[in-house]
Amino acid sequence: LRLRDSSGVIELYDLKSDVEVEDTSGTLRVERVAGAVRVRKESGDINLLDVAGPTRIHSRSGQMRLEKLGALEIESSDGNLYITGAETAHIRNQGGNLRVYGVRTELQIEDDSGEIDVRDVGGAVSIRDTSGQIRTLRTGNVTVRDTSGDLRIAEAPAVSVLEKGSGEVIVDGVSGNVQVPPNVKLK
């Protein structure tokens with residue numbers, strides 16, 4: 001199914017095929033899709049629930065609420081992202097807060113600003129961030145490159161902070177190696 005729209009509300013439910021949506025503005029809701037989902041959107045909220053195939057989203061602005069997805073790739077310039085349940089997730093974001101819970105395998109985040117909260121990731125977590133607080137809880141190995149903002153990592157097998165400008169680094173419940181730059185003091 002291919003759909004192009006310039007504004008308004010789009011709602012799609014119970015689809016067996018792939019879905020491709022191009023939209024200028026308005027709210028998009030897609031639920032229960034057996035195939036892949038591709039979204040290109042200028043502005044407006046995106047709500048996706050229960051997508052079996054891979055999901056790829058390119059959005060310039062708007063909030064996203066995404067639940068129960070296969071492989072996920074997001075390029076978003078502005079807006080809060082709430083993700084609950086994905087096979088894998090690769091996220092590029094320029095602004096807004098990120099809440100990512102329940103990724104079964106790997107998670108990669110590139111973010112310019114906003115808080116990042118990551119929980120319950122079954123595989124490795126890689127975060128590159130310019131500013132904003134970062135919190136992780138119950139994940140695989142964590143690798144972080146961060147310019148500013150506090151960093152709190154709890155319950156991970158190992159931690160590598162490869163770059164850190166300003167802000168505290170707090171590590172709790174890490175069972176293996178903890179690597180930080182020489183200028184960083186752990187709390």
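These numbers come from the heavy atoms of this one structure, side chains and all, not from hydrogens, waters or symmetry mates.
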*Could you walk me through whether Glu155 and Leu137 pass the side chain to side chain contact (heavy atoms under 4.5 Å, CB included) check?*
CA-CA 6 Å; Glu155 299 180 38; Leu137 175 64; 3.7 Å; yes

*Show your working on side chain to side chain contact (heavy atoms under 4.5 Å, CB included) between Ile83 and Ile74 and close with a plain yes or no.*
CA-CA 11 Å; Ile83 300 165; Ile74 296 175; 3.9 Å; yes

*Take Ile109 and Val118 through the test side chain to side chain contact (heavy atoms under 4.5 Å, CB included) and record every step on the way to the result.*
CA-CA 10 Å; Ile109 297 173; Val118 172; 3.9 Å; yes

*asked:* Set out, in order, the CA-CA distance, both residues' side-chain angles and the distance that settles side chain to side chain contact (heavy atoms under 4.5 Å, CB included) for Asp117 and Arg119, then state yes or no.
replied: CA-CA 7 Å; Asp117 184 8; Arg119 298 180 190 188; 3.3 Å; yes

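In this structure, the separation between OG1 on Thr136 and CD1 on Ile116 is 10.5 Å, given to the nearest 0.5 Å. In this structure, the separation between CG on Asn93 and CD on Glu75 is 10.0 Å, given to the nearest 0.5 Å. Note that the OG atom of Ser17 and the CD atom of Glu20 stand 11.0 Å from one another [nearest 0.5 Å]. Ile127 CD1 to Gln108 CD: the interatomic distance, rounded to the nearest 0.5 Å, is 11.0 Å. Rounding to the nearest 0.5 Å gives a distance of 5.5 Å between CG of Leu107 and CD1 of Ile91. We find the OG1-CG distance between Thr55 and Leu72 to be 6.0 Å, quoted to the nearest 0.5 Å.
Residues Ile134 and Val144 form a side-chain contact, since some pair of their non-hydrogen atoms from C-beta on lies under 4.5 Å apart. For the pair Val184 and Val161, the minimum side-chain heavy-atom distance is 4.5 Å or more. Looking at Val33 and Leu48, their side chains never come closer than 4.5 Å, going by heavy atoms from C-beta outward. Residues Glu42 and Ser25 are not in side-chain contact: their nearest non-hydrogen atoms beyond the backbone lie 4.5 Å or more apart. Side-chain contact between His90 and Glu106 is present, with heavy atoms from C-beta onward closer than 4.5 Å. Inter-residue side-chain proximity for Leu98 and Asp111 is flagged as met; some heavy-atom pair is nearer than 4.5 Å. With contacts defined as side-chain heavy-atom distances shorter than 4.5 Å, the pair Ser7/Thr24 does not qualify. Thr130 is not listed as a side-chain neighbour of Ser148, based on a closest heavy-atom distance of 4.5 Å or more.
Minimum interatomic distance between Ser113 and Asp129 (heavy atoms only, all atoms of both residues): N-OD1, 4.4 Å. Of all non-hydrogen atoms in Ala156 and Gly140, the two that sit nearest each other are CB-O, 3.7 Å.
In terms of the salt bridge (Lys or Arg N to Asp or Glu O under 4.0 Å) criterion, residue partners of Asp120 (sequence neighbours excluded) are, by chain and number, Arg138. Applying the side-chain contact (heavy atoms from CB on, under 4.5 Å) rule to Asp23 yields the partners Asp5, Ile10, Val21, Lys41; only residues at least two apart in sequence or on another chain are considered. Scanning for salt bridge (Lys or Arg N to Asp or Glu O under 4.0 Å) contacts around Glu73 gives Arg56, Arg92, with sequence neighbours left out. In this view, Ala71 and Pro54, Thr88 satisfy the side-chain contact (heavy atoms from CB on, under 4.5 Å) rule, not counting sequence neighbours. For Glu110, the salt bridge (Lys or Arg N to Asp or Glu O under 4.0 Å) criterion is met by no residue, not counting sequence neighbours.
Look at Arg99 and Glu115 and you find a salt bridge, because one of the NZ, NE, NH1 or NH2 atoms lies within 4.0 Å of a carboxylate O, short of that distance. Ion pairing of Arg32 with Asp14 is present here, as a side-chain N (NZ or NE/NH1/NH2) and a carboxylate O approach within less than 4.0 Å. Between Arg65 and Glu67 no salt bridge is recorded (no basic side-chain N to carboxylate O distance below 4.0 Å). Between Arg4 and Glu22 there is a salt bridge, since a side-chain N of the basic residue sits under 4.0 Å from a carboxylate O of the acidic one. Using a cutoff of 4.0 Å between basic side-chain nitrogens and carboxylate oxygens, Glu87 and Arg104 are scored as salt-bridged.
In this structure, Arg152 places its CZ atom where only 12 or fewer heavy-atom neighbours from other residues, nucleotides or ligands lie under 6.0 Å away. Surrounding CZ of Arg40 are at most 12 heavy atoms belonging to other residues, nucleotides or ligands under 6.0 Å away. At most 12 heavy atoms of other shown residues, nucleotides or ligands fall within 6.0 angstrom of atom CZ in Arg128.
Tyr13 is not connected to Leu1 by any chain of hydrophobic side-chain contacts under 4.5 Å among Ile, Leu, Val, Met, Phe, Trp and Tyr, and they are in different clusters. No path of Ile, Leu, Val, Met, Phe, Trp and Tyr side chains, each step under 4.5 Å between heavy atoms, connects Tyr82 with Val37, placing them in separate hydrophobic clusters. Grouping the Ile, Leu, Val, Met, Phe, Trp and Tyr side chains by contacts below 4.5 angstrom, directly or via other members, places Tyr101 apart from Met64. Val9 and Val39 end up in different hydrophobic clusters when Ile, Leu, Val, Met, Phe, Trp and Tyr side chains are linked at under 4.5 Å.
Counting only distance, with no hydrogens or angles, the side chain of Asp18 and the backbone of Ala36 share a donor-acceptor pair below 3.5 Å. Remark: the backbone N or O of Gln63 is not paired with any side-chain donor or acceptor of Asn80 at under 3.5 angstrom.
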Contacts table for residues 162-182: side-chain donor-acceptor under 3.5 angstrom, sequence neighbours left out:
from   : atom 1 : to     : atom 2 : distance (Å)
Glu163 : OE2    : Arg145 : NH1    : 3.0
Lys164 : NZ     : Asp146 : OD2    : 2.5
Lys164 : NZ     : Gly149 : O      : 2.3
Lys164 : NZ     : Ser166 : O      : 2.8
Glu168 : OE2    : Lys187 : NZ     : 2.7
Gln179 : OE1    : Ser160 : OG     : 3.4

